[in-house]
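In what follows, a single structure is set out as structure tokens and then discussed.
Naming convention: chains lettered A, B, ... in sequence-line order (proteins, then strands); numbering from 1 in each chain.
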Amino acid sequence: MTKYRTHNCSELTSKNNGEIVILSGWMHKKRDHGNLLFIDLRDNYGTTQCILEKNNSFFKELEKMQLETVIKVTGVVSKRTKETINKELKTGEIEIKINSFEILGACKELPLPVFSDQEYSEEIRLKYRFLDLRRKKIHSNILLRSKVISFIREEMIKSGFVEFQTPILTSSSPEGARDFIVPSRLNPGKFYALPQAPQQFKQLIMVSGFDKYFQIAPCFRDEDARADRSPGEFYQLDIEMSFVEQEDVFKVVEKLLSKVFKKFSNKKFLNEKFPKISFKEAMLKYGTDKPDLRNPLEINDVTSIFKRDDVTFQIFNKLVKSGSIVRAIVTKSTKNKPRSFFDNLDKWAKSEGTSGLAYFTLEKNKDFEATGPVGKFFSSEALKEIMKITGAEVGDSIFFSCDKESNVLQFMSSARDKIAGELNLIDQNTYAFCWIIDYPMYETDKITGKIKFSHNPFSMPQGEEKNLDFKNPLTINAYQYDIVCNGVELSSGAIRNHKPKLMYKLFEIAGYKKSDVEEKFKGMINALSFGAPPHGGIAPGIDRIIMLLAGEKNIREVTLFPMNQNAQDLMMNAPSEISENQLKELSLSIKKK
RNA sequence: GGGGGUGUAGCUCAGUUGGUUAGAGCGAUCGCCUGUCACGCGAUAGGUCGCGGGUUCGAGUCCCGUCACUCCCGCCA
């Protein structure tokens, strides 16, 4: 009990009948019957119906009160008659007969109603985030976030992990995302960077002998936003372990995520044990390294078909000759789908900037036949071969895309989602986790044609050092892995390279001289030279986990105070200009455009 | 940096082929109403149709430009 309340707005029941109570909260909703006024009083915990009659001296004032005014109400708990009980409400057995009230916080006319399930523009929601956050759905999302984080913390500690904080002001790193930069007053002309992740620190913690580390770590990357990617900051469950191999990390994370998703959701798992898919296989079957495994459609390579003489689909044949590839998606039993189904997919494909989505449907009369716009170009023998490769059967349809490899992969990946969506093949009530493993250490830069790190340069290459084929770096895989759930990349991690000599060699392949590496990663390399344990870790994205648990498609729905797409905080007016004096202290001047 | 979508009352939206005075619901204000829980009924106020330019006898509607929000591509080791 405080000055403001004896109970919260969700705890009173018929057991409290007759008690004099004090409640405080927001005036959620009024129902004014002229001589009888109902007020729903809301706080963090729930709502309670309060009531007063015309003869009450406060009637006029409360009747006119702006919704969302914060009031303190004193009154008597009164059992409702049977007919007037509200079963939807936890406190629906009772109501408060108001004796007196007090305004604690007045409220102006609202720019957006709190009591409503309607959707509002992001702009107004973000500007008045404190009002938006009073609304039921997002309010409970944020509470869920808090609960999930506490649970994760408990579980990690139970498993012997130790939580540490790492610096927020650190140094800019040359690899990876664009850094947020902070000027240094004491070191004119020099800058801090906000950490993109505590990557080097967590490795240093291992070198320092702490064995098992975790942190709910803020990470900052100055990159453009997406629905599942806030500009500015996001949170990772940062984990690092000493004396482990890949499988040891998998065990810890798989157990944790299973527990979290089972505790906070009723959705079922597609696979109890997370399947492991190599990067190569994922790119072939799904066209992406973050496949949605709820989607049963798979992609097949059918390039060889278009090298046959009995296939006369000249456009594809020619493209294949000049190095393009063809990938296909089979849809089961779509023979009787209306023409519009196929036409709409083709239209969609064109809107994606491709030349369209070729298709036919397999039929059988005397022999195998293909019906549809391009069916006539395929001989019966060729169709048999296609069926062999793709597993397609009579009555199924096959969709084709032909282009340069990277274009086909990307397009077929979205075509897979699109087609499955049209056919309603995705079970929304399921979580489909998987590990993506065996990432290549290097890739060829599309623009420069040079070899570069494809992911984290600190990852350990797979295999014995002496057996590594440094002359063919594209053949080297790394102990690098991702967790994907329902097509959302949840985390990536790696076994780290803790051997400085090997590291120099790997950097050299990517075009870094020894002196470059020493300059850029001095602290790290130095530390690894003084007895570093083998170690590895991972960093699941907290925001995306909550998103999946809350069933939201947008990360702002699980973030208290997010920025908009242009990385502005409309409520706090950030970023903003700073004074001449501040600039001067920082030895900065602004270049006028 | 590029592409798509959206922008009309405080909020959510409708607005036909370019044609008279731009509408509805919620909210606000006023009035009526003693059992509602999306209370009901009646009335009133509320608009630079994002902004600028153009075409036209006439533009919310068509064209050009621009701004804002959003989704996507690039980017995100």
message: Checking contacts here: which listed nucleotide (B:rG27, B:rC76, B:rG35) is nearest the side-chain heavy atoms of A:Ala177?
response: B:rC76
- request: Could you please name the option among B:rG1, B:rU36, B:rU70 that lies closest to any side-chain atom of A:Asp224?
  value: B:rG1
message: Quick test of the criterion, 5.5 Å between centres and less than 30° between planes. Is A:His33 stacked on B:rU36 or not?
response: no
message: Closest-nucleotide mapping onto RNA chain B: is A:Gln196 or A:Arg226 further toward the 5' terminus? I mean the 5' end.
response: A:Arg226
field: Phosphate-side-chain proximity, A:Arg556 and B:rC71, N/O vs OP1/OP2 below 4.0 Å
entry: yes
task: State which of B:rA28, B:rG35, B:rC72 makes the closest approach to the side chain of A:Ile51.
output: B:rG35
Heavy-atom side-chain contact between A:Leu237 and A:Phe214 under 4.5 Å: yes
task: Using the C1' atom on both, measure B:rC62 against B:rG25 and round to a whole Å.
output: 30 Å
task: Can you tell me, in whole Å, how much space there is between the P of B:rU55 and that of B:rU61?
output: 15 Å
message: I'd like to know if the side chain of A:Asn497 reaches the main chain of A:Lys499, judged simply by a donor and an acceptor atom lying under 3.5 Å from each other, with no hydrogens or angles considered.
response: yes
- prompt: Hey, does the side-chain of A:Arg125 have a donor or acceptor N/O within less than 3.5 Å of a partner on the base of B:rC69?
  reply: no
- prompt: What's the CZ-P distance between A:Phe38 and B:rC39, to the nearest Å?
  reply: 11 Å
field: Below 4.0 Å: OP1/OP2 of B:rC33 and any side-chain N or O of A:Arg31
entry: no
query: Now, which nucleotide makes the Watson-Crick or G-U wobble pair with B:rC62, with each of the two distances under 3.5 Å?
result: B:rG54
- prompt: Do the side-chain N and O atoms of A:Tyr213 and A:Asp238 include a donor-acceptor pair separated by under 3.5 angstrom?
  reply: yes
field: Atom-pair distance (CG on A:Asp40; C1' on B:rC39), nearest Å
entry: 11 Å
query: Do A:Gln462 and A:Asp438 have a side chain donor and acceptor closer than 3.5 Å?
result: yes
task: May I ask which nucleotide in the shown strands pairs with B:rA24, Watson-Crick or G-U wobble, both distances under 3.5 Å?
output: B:rU12
query: Mind checking the P distance from B:rC39 to B:rG50? Whole angstroms is fine.
result: 32 Å
- request: Using the C1' atom as the reference point in each nucleotide, state the distance between B:rU36 and B:rU44 in Å, no decimals.
  value: 26 Å
message: Tell me which nucleotide, if any, is Watson-Crick or G-U wobble paired with B:rC37 when both distances must be under 3.5 Å.
response: none
message: How many whole angstroms separate atom CD of A:Glu63 from atom C1' of B:rC32?
response: 11 Å
- prompt: Is the A:Trp348 to A:Phe399 ring centre distance short of 6.0 Å?
  reply: no
- request: Verify whether the ring centers belonging to A:Phe521 and A:Phe458 lie closer than 6.0 Å.
  value: yes
task: Once you apply the 3.5 Å cut-off to both distances, tell me the Watson-Crick or G-U wobble partner of B:rG1, or none.
output: B:rC73
query: Between A:Tyr439 and A:Asp289, do the side chains contain an N or O donor and an N or O acceptor separated by less than 3.5 Å?
result: yes
query: Expressed as a whole number of Å, how far does the P atom of B:rC71 sit from that of B:rU29?
result: 35 Å
message: Students often get this wrong, so: under 4.0 angstrom with heavy atoms, is A:Asn407 touching a base, only sugar-phosphate, or nothing?
response: nothing
- request: Determine the contact category for A:Glu122: base if any of its heavy atoms lies under 4.0 Å from a base atom, sugar-phosphate if only primed atoms, P, OP1 or OP2 are that close, otherwise nothing.
  value: sugar-phosphate
message: Going by side-chain contact (heavy atoms from CB on, under 4.5 Å), A:Tyr235 matches just one of A:Pro218, A:Ser230, A:Pro540, A:Cys219. Which one?
response: A:Pro218
- prompt: Considering every strand shown, what is the Watson-Crick or G-U wobble mate of B:rU17 when both distances are under 3.5 Å?
  reply: none
message: Please pick, from B:rC73, B:rU70, B:rA28, the nucleotide with the shortest atom-to-atom distance to any side-chain atom of A:Gln410.
response: B:rC73
message: Can you tell me which nucleotide in B:rG35, B:rC76, B:rC39 comes closest to the side chain of A:Lys29?
response: B:rC39
- prompt: Which nucleotide, B:rU36, B:rC72, B:rC69, lies nearest any side-chain atom of A:Glu95?
  reply: B:rU36
- line: Side-chain contact check for A:Asp32: nearest option of B:rC73, B:rG35, B:rC33 is B:rC33
task: Using a 4.0 Å heavy-atom cut-off across all strands, classify A:Lys553 as base, sugar-phosphate, or nothing.
output: nothing
message: Can you check the distance between B:rC73 and B:rU56, where both ends of the measurement are the P atom (answer in whole Å)?
response: 43 Å
- prompt: What is the distance, rounded to the nearest whole Å, between atom NE2 of A:His28 and atom C1' of B:rU36?
  reply: 14 Å
Of the listed nucleotides B:rG10, B:rG35, B:rC37, the one nearest the side chain of A:Asn86: B:rC37
Distances for protein N or O near nucleotides 11-13 of chain B N or O, under 3.5 Å:
unit_1: B:rU12; atom_1: OP1; unit_2: A:Ser121; atom_2: N; d: 3.0
unit_1: B:rU12; atom_1: O4'; unit_2: A:Gln118; atom_2: OE1; d: 3.4
unit_1: B:rU12; atom_1: O2'; unit_2: A:Gln118; atom_2: NE2; d: 3.4

message: Quick one, A:Lys350 with A:Asp346, criterion salt bridge (charged side-chain N to carboxylate O under 4.0 Å, His left out). Give me CA distance, side-chain angles, the key distance, then yes/no.
response: CA-CA 6 Å; A:Lys350 283 178 176 135; A:Asp346 186 55; 2.9 Å; yes
Student check: side-chain heavy atoms of A:Leu528 and A:Val207 closer than 4.5 Å: yes
message: With a 3.5 Å cut-off and heavy atoms only, can you find an N or O donor on one side and an acceptor on the other between the side chain of A:Arg80 and the base of B:rU36?
response: yes
message: By the 4.0 Å heavy-atom rule, please label A:Thr81 as base, sugar-phosphate, or nothing.
response: nothing
message: Check this one for me: any side-chain N or O of A:Asn566 less than 4.0 Å away from OP1 or OP2 of B:rC69?
response: yes
Nucleotide B:rC73, atom P - distance to CZ of A:Phe411 in whole Å: 14 Å
- prompt: When we call it a touch if two heavy atoms are under 4.0 Å apart, what does A:Phe115 touch: a base, just sugar-phosphate, or nothing?
  reply: sugar-phosphate
field: B:rU6 pairs with, by Watson-Crick or G-U criteria that keep both distances under 3.5 Å
entry: B:rA68
task: State which of B:rC69, B:rU36, B:rC37 makes the closest approach to the side chain of A:Glu123.
output: B:rC69
- prompt: If we take the C1' atom in both B:rA45 and B:rA9, what is their distance in whole Å?
  reply: 11 Å
message: Using the ring centroid of each side chain, check whether A:Tyr512 and A:Tyr504 are separated by less than 6.0 Å.
response: no
statement: Taken to the nearest whole Å, CD/A:Glu223 to P/B:rC72 is 15 Å
- prompt: Please give, in whole Å, the distance from B:rU36 P to A:Ile85 CD1?
  reply: 13 Å
- line: Regarding the side chain of A:Arg221, the nearest nucleotide among B:rG74, B:rC76, B:rC39 is B:rC76
query: What integer number of Å spans the P atoms of B:rG23 and B:rG46?
result: 13 Å
task: Say whether A:Gln480 and A:Asn456, considering side chains only, have a donor N or O and an acceptor N or O under 3.5 Å apart.
output: no
field: Whole angstrom value for the distance that separates P of B:rC71 from CG of A:Asn564
entry: 10 Å
